[in-house]
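A short write-up of the structure that comes next.
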There are 2 protein chains.
Amino acid sequence: MKSLTHPAREDLLIQSVLDALANPIRLRIVKRLAGGEELTCSTVLPEVSASTASRHWQVLRESGILWARREGRIILHTLRREDLDFRFPGLLDCVLAAVEEEERGTAA
Amino acid sequence: MKSLTHPAREDLLIQSVLDALANPIRLRIVKRLAGGEELTCSTVLPEVSASTASRHWQVLRESGILWARREGRIILHTLRREDLDFRFPGLLDCVLAAVEEEERGTAA
DNA sequence: TCCATAGTTCGCGAGTTCGCGAACTATGGA
DNA sequence: TCCATAGTTCGCGAACTCGCGAACTATGGA
């Protein structure tokens, strides 16, 4: 079990971030984080096994989208909003806005 | 050989657009289009076969990122900048800015 | 020390993506 | 009509993604 490694702010790559966001489950995770929630690994919306969830958290963490910190026996995840805004100004906001608008549209 | 179908502006989906952008070849195509170039199918930077290129153009077209119009025996592609900006304000600009910044960094 | 909870890792199968070449279609010009 | 150019489609294999369950590690508490 490796320790939780994160890329430095200056090492974030647009390609990796886009890869990470180009998945519905991960996009929903990001949306929830953006809402201010601190999520654990087992909190994923579309019900998915622990191993699958773990992989998604890993992709998000390694692309630099979120911070993961151990707190006792759980891992808490938070958005790296400052770093994302610094490297890719506007990206997060406009992706989130699009997701929310589409959800409003689908909601009926 | 089907005719060139494009999604309507209101049918653009953030997920499809992110999927389309989450590929290095397609991202480079978008970057060139953003530079104002009108590209044909055979103009792709990292040398790739015609069939592979055709597939990439198709993904970009079907996600709504570009317009394809037949002009004699070639197909000219242009960015759907207005539609993208309308549906996902800021997305294109910040992705392009990130790509260019990374290229400047790597160029050295 | 032993147990329960929280995550990770491994191995696997199903499905997808990405590349190719070969064969095809479409268009314009000789 | 015939040819050349520009793209598309098909079939394929290699590689990757995404899901799972089983087995593992890490941590905190009884």
Side-chain angles (χ1 to χ4, degrees), chain A residues 1-7 13-33 37-78, chain B residues 1-7 13-33 37-78:
Chain A
M1 229 178 217
K2 296 157 194 166
S3 56
L4 303 168
T5 57
H6 300 83
L13 296 172
I14 186 66
Q15 191 71 70
S16 309
V17 169
L18 290 173
D19 272 328
L21 296 178
N23 172 286
I25 291 183
R26 291 194 293 264
L27 198 49
R28 298 186 74 152
I29 290 177
V30 170
K31 194 206 150 199
R32 286 193 59 177
L33 291 173
E37 292 184 79
E38 278 203 307
L39 302 180
T40 62
C41 292
S42 36
T43 327
V44 186
L45 306 175
E47 260 50 282
V48 104
S49 73
S51 53
T52 299
S54 180
R55 171 70 187 144
H56 285 306
W57 289 112
Q58 186 192 0
V59 170
L60 288 167
R61 178 167 47 82
E62 291 181 349
S63 68
I65 291 178
L66 50 77
W67 294 117
R69 70 168 202 280
R70 185 123 226 159
E71 192 101 333
R73 75 186 99 168
I74 66 178
I75 293 177
L76 287 174
H77 296 94
T78 49
Chain B
M1 230 176 214
K2 297 156 195 165
S3 57
L4 304 167
T5 57
H6 300 83
L13 296 172
I14 186 67
Q15 192 71 69
S16 309
V17 170
L18 290 173
D19 271 327
L21 295 178
N23 171 286
I25 291 183
R26 291 194 293 264
L27 198 47
R28 298 186 73 154
I29 290 177
V30 170
K31 194 207 150 199
R32 286 192 59 176
L33 291 173
E37 292 183 79
E38 279 203 307
L39 302 180
T40 63
C41 293
S42 35
T43 327
V44 187
L45 308 173
E47 260 48 283
V48 105
S49 73
S51 54
T52 300
S54 180
R55 172 70 187 144
H56 284 306
W57 289 112
Q58 186 192 0
V59 170
L60 288 167
R61 179 168 47 83
E62 291 181 348
S63 68
I65 290 178
L66 49 77
W67 293 117
R69 70 169 201 281
R70 185 124 227 161
E71 193 100 334
R73 73 185 104 169
I74 66 178
I75 293 176
L76 286 175
H77 297 93
T78 49

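We use all heavy atoms of the structure for the numbers below, so side chains are in, but hydrogens, waters and symmetry mates are not.
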field: Side-chain-base donor-acceptor pair under 3.5 Å for B/Ser51 and C/dG21
entry: yes
Watson-Crick or G-U wobble mate for D/dG7, both contacts under 3.5 Å: C/dC24
message: Please determine whether any donor N or O and acceptor N or O are separated by less than 3.5 Å between the side chain of B/Ser54 and the base of D/dG7.
response: no
message: Measure CD1/B/Ile75 against P/C/dT27 and give the value in whole Å, please.
response: 10 Å
- prompt: Does A/His56 have a side-chain nitrogen or oxygen under 4.0 Å from the phosphate oxygens OP1 or OP2 of D/dG19?
  reply: yes
query: To the nearest Å, how far apart are B/Trp57 CH2 and C/dG19 C1'?
result: 18 Å
- prompt: Rounded to whole angstroms, how far apart are CD1 on B/Ile74 and P on C/dG28?
  reply: 11 Å
A/Thr40 and A/Thr43: side chain donor to acceptor below 3.5 Å: yes
query: Pick one: which of B/His6, B/Glu38, B/His77 meets side-chain hydrogen bond (donor to acceptor under 3.5 Å, both in side chains) with B/Arg69?
result: B/Glu38
field: Non-hydrogen atoms of B/Ile29 and B/His56 that approach each other most closely
entry: CD1-CB, 4.4 Å
- request: Counting Watson-Crick and G-U wobble pairs only, both distances under 3.5 Å, name the nucleotide matched with D/dG29, or none.
  value: C/dC2
- request: Could you state the atom-to-atom distance from CD of A/Gln58 to P of C/dT9 in whole Å?
  value: 6 Å
message: Could you tell me how far apart B/Leu76 (CG) and D/dG7 (P) are, to the nearest whole angstrom?
response: 8 Å
message: If I take atom CG in residue B/Leu60 and atom P in nucleotide D/dG7, what distance separates them, rounded to the nearest angstrom?
response: 15 Å
- prompt: Nearest to the side chain of B/Arg26 - D/dG29, C/dG29, C/dC18?
  reply: C/dC18
query: Which is true for B/Ser42 with a 4.0 Å heavy-atom rule: it touches a base, it touches only sugar-phosphate, or it touches nothing?
result: sugar-phosphate
message: Would you say A/Arg61 and A/Gln58 are linked by a side-chain donor-acceptor pair, where the criterion is simply a distance under 3.5 Å?
response: no
query: Of the nucleotides C/dG19, D/dT8, C/dT8, which has the atom closest to the B/Val48 side chain?
result: C/dG19
- prompt: Any side-chain N or O of B/Asn23 under 4.0 Å from OP1/OP2 of C/dT17?
  reply: no
- line: Result for 5'-nearest mapping on DNA chain D, choosing between A/Glu71 and A/Ser49, is A/Ser49
message: Under a 3.5 Å distance rule, please check whether A/Ser63 uses its side chain to pair with a backbone N or O of A/Val59 as donor and acceptor.
response: yes
task: Please state how far atom CD1 in B/Ile25 lies from atom C1' in C/dG19, giving the value in whole angstrom units.
output: 9 Å
- prompt: Atom CZ of B/Arg73 to atom C1' of C/dA30: distance rounded to whole Å?
  reply: 11 Å
